[in-house]
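Letters A, B, ... are given to chains in the order of the sequence lines, protein chains preceding strands, and every chain is numbered from 1. Note: hydrogens, waters and symmetry copies are ignored here, and every other heavy atom, side chains too, is used.
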Amino acid sequence: MVNHNLAKILREISVLLEMKGEDFKPQAYEKAAHSVEMLERDVREIYKDGSIKALEDIPGVGKGIAERIEEYLKTHHIKDYDKLKKQIPVKIDELSSVEGVGSKMILRLYKELGIKTRAQLEKAAKAGKLKNIEGFGKKTEENILRSIEFLKKEHGRSILGFIMPQAKDLLEKIKKIPEVKSAEFAGSLRRRRETIGDLDFIVFSDKPAEIIKKFLNFPEIEHIYSKGEQKALVRLNSDIDADISVVSPKSLGSALIAWTGSKQHNIAIRTLAEKKGWLLNDYGLWNGKKLLASKTEEEVYKKLGMEWIPPEIRNGTDEINAALKNKLPELIGYDDLKGDLQVQTDWTDGDHSIKEMAEAAKKLGLEYICITDHTKSLAMTGGNDEKGLLKEMAEIDKVQKQVPGIKILKGAEVNIMKDGSLDIDDETLTKLDIVGAAVHSHFNLSEKEQTERIIKAMENPNVDIIFHPTGRIIQRRDAYKVDMDALLKAAKRTKTVMEIDAYPDRSDLKDEYIRKAVEMGVKLSIDTDAHSIHHFQYLEYGIAQARRGWATRDDVINTRGWKEMLKLLK
DNA sequence: GCCGTTTTCGGCCCGACTGTTTTCAGTCG
């Protein structure tokens, strides 16, 4: 996709314009950059299908930016950008990623010291040259050096499901501070984004200063970036940053909205308030000095003329229009799942036996699981052949008697071969309750070949579910190239279920594909891909993912009891 | 440069904290 590079350039233009003291253009470019980054379709395709008019349909992209995008697609250059870049030839992304360094500082650093890169900035700071620049002091120099040290460790964003246990522990600790009335996650943590930049907490109390003081004494705090009467920003010894903000319970609703974001969502609803002649800030919704609403989120949204919006879908896109019309779907709830349809055991690459997995799932309150060990062509996992599968089925029957109170379904994670055929014969597959099929090899086929390959597997009447349909692993492996529209159409036609793999670094399907599937009436399943008894807890993140994709209870098959669920399969 | 339930011009989210300076611009979320 060209989107990432294009967004980067638009963002750089924004910073360059800021340096020049332009007032509103930077926001315009920043907004356009954000939109382009969020697009699910490649800008090249959008342009190919609908020319420049289609580009102008991207939120925040008007005539001017659309022309520049067109120029970029045609020539790989944007003249205005090149011109700006020539005047100030600095590595903007490198420098602005340093905490506390923004456009104005970058400009001064370049003009006064000729600094273009982060390495040069570090060298100058170490040599004590920064404090000679007007507006810079010793503190600034120290902070820049500290931030560069931190960046060198290359800490990017954390994966939601992996960071959540730590976040939950810290939230519990915060709640135990006596002056705390209540406390919640905020930011991307509360929105349950698939990756998290830092841990945001919002605390409700009438004694903010004391809470900040006590929080700053927590042993896990390694460094304090800033602290005030109401807020603090720190780094934890686990090398992730945490933000805490304390607000009076009187402002709980408005503060939660403000601190949950997203930024785009906040801008949109604050603009909406402003249109009515009101002001929306952390402390409430105001008409002049008159407080209109502040206590609960519901109250604030209602006053603005809309229904409450679940945090998971607060993107600042179409959720606001839907909420204004009272047309938000009722998203699947965190208690709605009754079973897990992808579970591996020690028959292949799982850590625990069928019995141990069943017992663990039962303990968590699940009504059923489906055992889906790998099949033979995935040799590294010791995958089952036909004979092995039959043996495992017999073993499941045996375990079922030993572990009552949870239904153990018989399944397999069958390998889709390069040509779309399966590595287990149909006769054996018909004996299973559920057949999941998945791609584990040949990730580099062309989009056309990969799409046809998976559709061919869907057309097998035994294939019930496509597991982790895009094969991506967050921060490790990109999704293989596939035409998702075509896959979803085929899924609809063949009544194949698409999985939301809840394993935290998979989270596959991702939210925009889930939303597309929901719109097209394709059924989904949410499974953990558990390889250990500890993995069932990941269902929570699969549900979060489904909620971000606007999925309802009805869209997800394993919200039903197992008998009813099986009826939905081919 | 973008945008419209106060549409084709006039406004663009809002507030806390920091560092350096002495009243506020810059940065961040």
Nearest to the side chain of A:Ile267, heavy atoms from C-beta on, is which of B:dG1, B:dG19, B:dC13? B:dC13

Spatial distance of atom CD1 (A:Ile269) from atom NZ (A:Lys275) [nearest 0.5 Å]: 13.5 Å

OP1 or OP2 of B:dA16 versus the side-chain N and O atoms of A:Tyr283: is any pair under 4.0 Å? yes

Looking only at atom P, what distance separates B:dC12 and B:dT6, rounded to whole Å? 15 Å

Residue pair A:Pro59/A:Asn281 against DNA chain B: nearer the 5' end by closest nucleotide is A:Pro59

Kindly write out the residues that satisfy ring pair (Phe, Tyr, Trp, His ring centres under 6.0 Å) with A:His468, not counting sequence neighbours, or none if the list is empty. A:His440

Winner on side-chain proximity to A:Thr140, out of B:dG1, B:dA16, B:dT20, is B:dT20

Nearest heavy atom decides the nucleotide; on that basis, is A:Asn266 or A:Ala232 closer to the 5' end of DNA chain B? A:Asn266

Which nucleotide in the list B:dG15, B:dC2, B:dC17 gets nearest to the side chain of A:Ile65? B:dC2

Under a 3.5 Å limit for both distances, which nucleotide forms a Watson-Crick or G-U wobble pair with B:dT8, could you say? none

Return each pair, listed once, that meets ring-ring contact (aromatic ring centres under 6.0 Å, His included) where at least one residue sits in residues 22-66 of chain A; pairs must be two or more places apart or across chains. none

One character per nucleotide, please: for nucleotides 24-29 of chain B, 5' to 3', B when the base has a protein heavy atom closer than 4.0 Å, S when only the sugar-phosphate does, - otherwise. --SSSS

Reckon A:Leu280 touches a base, only the sugar-phosphate, or nothing at all at heavy-atom distances under 4.0 Å? sugar-phosphate

Please state the C1' separation for the pair B:dA16 and B:dG10 - nearest whole angstrom. 29 Å

A:Lys25 near the nucleic acid: base, sugar-phosphate alone, or nothing, with a heavy-atom cut-off under 4.0 Å? base

Residues 286-296 of chain A vs side chain to side chain donor-acceptor pair (under 3.5 Å), sequence neighbours excluded, gives A:Asn281-A:Trp286

Which whole number of Å gives the distance between the C1' atom of B:dG1 and that of B:dT8? 14 Å

For this output row, return yes or no: ring centroids of A:His535 and A:Tyr503 closer than 6.0 angstrom. yes

Have a look at A:Leu279 and say if it touches a base, only the backbone sugar-phosphate, or nothing, with a 4.0 Å heavy-atom cut-off. sugar-phosphate

If the C1' atom of B:dC17 is compared with that of B:dT21, how far apart are they to the nearest Å? 16 Å

Does the ring of A:Tyr513 carry A:Lys516 above it, NZ/CZ under 6.0 angstrom from centre and within 45° of its axis? no

Strictly below 4.0 Å: does A:Asn143 bring a side-chain N or O up to OP1 or OP2 of B:dG19? yes

Span that lies between the C1' atom of B:dT22 and that of B:dC28, in whole angstrom: 24 Å

Between B:dT20 and B:dG15, how far apart are the two P atoms, rounded to whole Å? 26 Å

In whole Å, what separates the P atom of B:dC14 from that of B:dC9? 25 Å

side-chain contact (heavy atoms from CB on, under 4.5 Å) partners of A:Lys173, counting only residues at least two apart: A:Phe218, A:Pro219, A:Glu220

Classified by glycosidic angle (syn within 90° of 0, else anti), B:dT7 comes out syn

Looking at A:Glu229, I want to see if its CD is surrounded by more than 12 non-hydrogen atoms of other residues, nucleotides or ligands under 6.0 Å. no

B:dT27 to B:dC13 separation - C1' atoms, rounded to the nearest Å: 16 Å

Across nucleotides 4-10 of chain B, 5' to 3', mark each nucleotide with B, S or - according to how protein heavy atoms within less than 4.0 Å reach it. --B----

Report yes or no: do A:Arg190 and A:Thr260 form a side-chain donor-acceptor pair below 3.5 Å? yes

Between A:Glu37 and A:Arg11, does at least one N-O distance fall below 4.0 Å, as a salt bridge requires? yes

